[in-house]
Amino acid sequence: NAGVTQTPKFRILKIGQSMTLQCAQDMNHNYMYWYRQDPGMGLKLIYYSVGAGITDKGEVPNGYNVSRSTTEDFPLRLELAAPSQTSVYFCASTTPGQGYEQYFGPGTRLTVT
Amino acid sequence: ELKVEQNPLFLSMQEGKNYTIYCNYSTTSDRLYWYRQDPGKSLESLFVLLSNGAVKQEGRLMASLDTKARLSTLHITAAVHDLSATYFCAVGYGGSQGNLIFGKGTKLSVKP
């Protein structure tokens, strides 16, 4: 199993550009999450999904959008990138049968200039 | 609103010493997780604590949960350099969504 994979690993965006961060998992987990981690801080939840076709906002959803058309994939869309979105983005997945223990992808380091 | 506080935020230890990291949270929860993060890397799950009084141990690390006190501890025994990393606690909320609120992390540095 590859676990949770994310692409790209690094990306530099100009202000106002858009991009999609990809996340996929091969563990058949229904629950998936997007977090951002700013320097010296913990993780903050952006969006989450409890199954295909179901998404909901987390703590910091402004400036982002998600979709969940399959169990495996959970892309995060940034529209009109701003410097405040410079961060490291982590995707995670879990299942209730494992006590909701979340498994994290390797992260995407995004810089907006 | 659920808040999670870790202390200390920075910890410099000598090899061979013992220490405890504390994780306090503000509202009821019976799910508590500890993660490790090395610089520039992702988060690695260490412990999953799902009931009051739960205690788990792996090598030199031991985690416990007291849901009545809303407190979890991560105890380090006879620290070694390889334990240098940032440790996060995360508290479950939101019922069946599996959502987590993370503490700010404790940056541990173990020196010879």
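Since the structure is predicted, the reported quantities are computational estimates derived from the model, not experimental observations. Each chain gets a letter, A, B and so on, in the order its sequence line appears, and its residues count up from 1.
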* Do B/R36 and B/F88 meet the cation-pi criteria used here (NZ or CZ under 6.0 Å from the six-membered ring centre, within 45° of the axis)? -> no
* Asked: Between B/E5 and B/K3, is a salt bridge (charged side-chain N to carboxylate O under 4.0 Å, His left out) present by the stated rule, with each step listed?
  -> CA-CA 7 Å; B/E5 291 189 358; B/K3 293 187 177 179; over 6 Å; no
* Between B/L100, B/I101, B/V48, which shows the greatest number of heavy-atom pairs under 4.5 Å with chain A? -> B/L100
* Structure fact -> Between B/L32 and B/S72, the two heavy atoms sitting closest are CD1-OG, 3.4 Å
* Considering only heavy atoms and a distance below 4.5 Å, find which of A/E101, A/R109, A/M41 pairs most often with chain B. => A/E101
* Count the heavy-atom pairs under 4.5 Å between each of A/G107, A/P106, A/A92 and chain B, then report the option with the highest count. => A/P106
Region of [X] in contact with chain B, defined by heavy-atom distances below 4.5 Å:
X: A/Q102; result: both
X: A/L45; result: side chain
X: A/P96; result: neither

Measuring heavy-atom distances to chain A, does [X] have an atom under 4.5 Å in its side chain, in its backbone, in both, or in neither?
X: B/K41; value: backbone
X: B/L50; value: side chain
X: B/Q37; value: side chain

* Applying ring pair (Phe, Tyr, Trp, His ring centres under 6.0 Å) between A/Y35 and each of A/Y47, A/F104, A/Y48, report the one that passes. => A/F104
* Asked: Yes or no on side chain to side chain contact (heavy atoms under 4.5 Å, CB included) for B/K107 and B/L9, after CA distance, side-chain angles and deciding distance?
  -> CA-CA 6 Å; B/K107 186 171 183 179; B/L9 297 182; over 6 Å; no
* Describe, in one word, how the ring planes of A/Y103 and A/H29 are oriented to each other, choosing from parallel (under 30°), tilted (30 to 60°) and perpendicular (over 60°). => tilted
* **Side-chain H-bond candidate by donor/acceptor type, A/Q22 with A/T7, under 3.5 Å** => no
